[in-house]
Amino acid sequence: MTILIVGGGPNGLMLACELRLSGVPAIVLEQLPERSNQPKANGMVGQVVRLMDHRGLHERVGAPVPMRVPRFMFGALPLELDRLADNPITILPVPQRRLEQMLEERALELGAEIRRGHEVISFEQDETQVVVQVRGPEGEYEMRTPFLVGADGAASVVRKEAGIDFPGVTNVDTVTRSAHVSLPDGAVVDGALDVPGFGRIGNTAFTRTERGVFVYSQFEPGRPMINTTEWSSSEPADDVPMTVAELRASIHRVLGADVPIGEPEHPGPNLLRRLAGRNTRIAERFRAGRVFLVGDAAHVHSAMGGPGLNLGLQDVANLGWKLAAAVKGWAPDGLLDTYESERRPLAERVVMHSMAQSALVAPGPEVTALRELFEELLRDESTLRHVAETMAGSDVRYLSGDHPLVGRFLPDIPLADGRIAELMRSGRPVLLDFAGVDVPEGWRDRVDVVAVRSPAAPAGAVLVRPDGYVAWAGDDVHNGLPESLAMWFGTPKHMAVTP
Ligand SMILES: Cc1cc2nc3c(=O)[nH]c(=O)nc-3n(C[C@H](O)[C@H](O)[C@H](O)COP(=O)(O)OP(=O)(O)OC[C@H]3O[C@@H](n4cnc5c(N)ncnc54)[C@H](O)[C@@H]3O)c2cc1C
């Protein structure tokens with residue numbers, strides 16, 4: 001009963017970890033013979049950081065506890081998050097290649113198999129299984145699995161083979177250029193880029209002008225990166241290689257000033273990319289029978305605000321335990337369908353806010369006026385919180401309940417001893433017992449019960465799903481808890497009563 005995962009990017013590798021934590025065999029089929037070294041994400045933003053902390057993965061990339069950022073950006077407008085007592089935006093700066101390396105090490109440690117150089121070319125499914133055709137280094141072969149998961153990125157073969165459409169829009173107006181570069185001594189002053197004739201530009205700050213957007217960032221010390229976006233610029237044909245000189249000319253058009261960038265000094269691989277247009281799409285369905293889509297295979301959008309990993313890795317956490325429950329035979333009816341019903345609204349929110357941000361950085365006096373209005377609105381604390389929660393992915397509740405925590409990611413409740421994230425390492429459902437409640441017995445094989453003490457207990461008990469979301473919270477365990485346990489974790493087992 002091995003689950004096959006197509007794609008060994010961050011989402012495929014994380015799913016292998018989640019399945020193995022739940023005790024289910026998992027094989028990752030990855031077409032590339034070696035881990036990709038191409039620069040992609042520079043970090044994670046939002047609730048995913050707390051998920052990584054729950055799994056002990058946060059500290060594996062050298063960051064002790066989730067870090068709340070005092071400032072962030074929305075469509076190149078500043079979000080002064082330190083004005084919020086309950087600032088929801090946490091970040092984890094980590095290059096994607098390091099993240100993938102860490103996830104691969106963890107997946108192997110947990111007993112997953114990763115087959116590199118194995119490309120999935122097609123599959124067929126019936127009521128009981130999926131039969132998958134794979135092209136490996138020794139030729140083609142066939143594999144059978146109860147469930148196939150496409151974590152194979154934006155051009156997903158799994159999505160196409162499953163006959164799932166990818167509706168959305170392709171914006172053809174923009175050209176984005178990105179590159180690692182070198183800068184002369186003295187170009188960076190107090191962490192900001194000093195541009196003669198323009199002024200100082202902060203690290204990672206988006207600068208919008210009437211001609212485009214400019215971003216200077218230095219995620220890794222000594223490795224500056226520049227990014228420009230222009231509207232209606234006549235880009236060279238696709239087969240003309242991008243160069244640092246082309247980026248220099250683009251910077252001049254956007255800022256109306258020169259930045260003396262040179263070839264990068266880092267041995268690389270270095271980013272040097274020209275991207276014409278932008279895709280914003282959500283798969284028509286996230287499931288076709290025994291086949292599921294996660295991450296970029298299910299949704300693509302602009303990278304503004306870095307929402308990709310927040311969305312994808314939480315897709316994975318949502319699906320992993322549900323697939324494991326189905327394989328182990330205790331999944332309640334309809335559990336697998338909740339993957340799409342819970343995750344699609346989040347994908348729609350990301351599409352909405354990333355498109356809104358793209359609109360806010362476009363050129364034109366009307367946009368300038370809109371930005372002025374937005375800036376005024378963001379002075380209001382509740383608007384600021386609303387935008388921040390949207391970017392953190394904490395604005396959607398999976399389900400509603402009597403208690404305000406139900407359907408939300410477990411907050412970082414302070415404990416008398418230790419941290420709450422440390423109780424979530426196993427990837428199993430946890431019933432946090434704050435008040436010595438009378439816990440129902442029938443789910444003990446699937447649900448861990450942990451007695452905890454807190455100076456700020458939100459309820460007598462809190463039932464937390466493996467993905468970190470609260471399924472039930474309350475003081476009276478006879479009021480809704482058994483129903484919630486049955487809804488998520490199946491029928492209770494008869495427990496022998498000791499006299
Ligand atoms: C320049 C750039 C910057 C970004 N910055 C950020 C950021 O700062 N923060 C953020 O959160 N997100 C960012 N993103 C988005 C983030 O990188 C993606 O969301 C993430 O890579 C998606 O992971 P994935 O595992 O779904 O897909 P991918 O990373 O695309 O991995 C898919 C894997 O599947 C393999 N594959 C494909 N087809 C097959 C097949 N038929 N058989 C076997 N294997 C197959 C591929 O080789 C690949 O390894 C950025 C993206 C880019 C391009």
Side-chain angles (χ1 to χ4, degrees), residues 4-16 27-49 51-52 72-73 91-100 103-104 107 114-123 132-136 140 143 148-162 176-180 204 215 217 219 225 227 229 269-275 278-279 283 286 292-316 319 347 350 354 391-393:
L4 295 184
I5 302 164
V6 190
N11 292 318
L13 293 169
M14 179 76 174
L15 182 59
I27 297 180
V28 177
L29 299 163
E30 167 56 53
Q31 64 186 5
L32 298 177
E34 283 170 19
R35 203 180 314 120
S36 164
N37 236 350
Q38 286 311 308
K40 276 190 170 180
N42 298 299
M44 297 182 214
V45 182
Q47 284 196 158
V48 66
V49 178
L51 169 70
M52 300 305 272
F72 206 66
M73 299 215 104
I91 60 157
L92 177 56
V94 55
Q96 187 160 326
R97 62 180 183 285
R98 171 74 192 101
L99 171 70
E100 289 181 19
L103 289 173
E104 179 169 333
I114 298 171
R115 293 190 190 171
R116 293 204 167 273
H118 293 249
E119 179 192 6
V120 166
I121 45 183
S122 64
F123 62 82
V132 185
Q133 296 299 325
V134 186
R135 190 183 296 126
E140 284 187 23
M143 294 186 82
L148 181 73
V149 181
D152 50 345
S156 172
V157 165
V158 174
R159 188 183 65 232
K160 290 172 194 155
E161 282 286 311
T176 299
R177 295 176 174 87
S178 315
H180 281 113
T204 72
V215 188
S217 47
F219 294 102
M225 198 159 84
N227 176 291
T229 302
N270 289 300
L271 187 63
L272 185 62
R273 196 168 85 132
R274 177 198 317 116
L275 191 68
R278 190 173 39 226
N279 265 321
F286 291 1
F292 292 82
L293 301 175
V294 295
D296 282 13
H299 31 66
V300 291
H301 44 77
S302 142
M304 273 194 100
L309 292 168
N310 193 23
L311 190 54
L313 291 168
Q314 289 198 83
D315 286 351
V316 164
L319 182 61
V350 167
S354 62
M391 296 193 80

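Whatever order the structure lists ligands and atoms in, that order sets their numbers, starting from 1.
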Which ligand 1 atoms are under 4.0 Å away from a heavy-atom of [X]?
X	answer
Leu32	47 (O)
Asn11	22 (C), 23 (O), 24 (P), 25 (O), 26 (O)
Gly308	10 (C), 11 (O), 12 (N), 19 (O)
Asn42	7 (C), 8 (O)
Gly295	26 (O)
Gly43	7 (C), 8 (O), 9 (N), 10 (C), 11 (O)
His118	43 (C)
Gln96	16 (C), 17 (O), 20 (C), 21 (O), 29 (O)

Arg115 and Val134, any side-chain heavy atoms less than 4.5 Å apart: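 Of all side-chain heavy-atom pairs linking Arg115 with Val134, none is under 4.5 Å.
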Test item: Leu311 and His301 side chains (from C-beta on) under 4.5 Å apart, heavy atoms: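 Of all side-chain heavy-atom pairs linking His301 with Leu311, at least one is under 4.5 Å.
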Quick one: does [X]'s side chain have a donor or acceptor within less than 3.5 Å of a partner on [Y]'s backbone?
X	Y	value
Gln96	Ala41	yes
Asp152	Val157	yes
His118	Gly136	no
Asn310	Ala392	yes
Ser36	Gln38	yes
Asn42	Pro95	no

[X] near ligand 1 by a heavy-atom separation under 4.0 Å:
X	value
Ser36	no
Glu30	yes
Ala297	no

Atom pair CG (Asp296) and NZ (Lys40), whose distance is rounded to the nearest 0.5 Å: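 Between atom CG of Asp296 and atom NZ of Lys40 there are 6.5 Å.
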Interatomic spacing from CE in Met225 to CG in Leu272 - rounded to 0.5 Å: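 Rounded to the nearest 0.5 Å, the CE-CG separation comes out at 12.0 Å.
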Could you pull out, from [options], the option with a heavy atom nearest to [atom]?
atom	options	result
atom 38 (N) of ligand 1	Leu15, Leu271, Asp152	Asp152
atom 53 (C) of ligand 1	Met225, Arg116, His299, Arg273	Arg273
atom 52 (C) of ligand 1	Gln31, Lys40, Arg115	Lys40

Output yes when the distance from some N or O of ligand 1 to some N or O of [X] is under 3.5 Å, and no in every other case.
X	answer
Ala154	no
Glu100	no
Gly306	yes
Pro307	no
Val157	no
Asn310	no

Minimal non-hydrogen separation, Gly8 against Glu30, with atom names: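 Heavy-atom minimum between the residues: N-OE1, 2.6 Å.
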Distance-minimising heavy-atom pair for Arg278 and Ser302: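 Taking every non-hydrogen atom into account, CD-CB, 3.4 Å.
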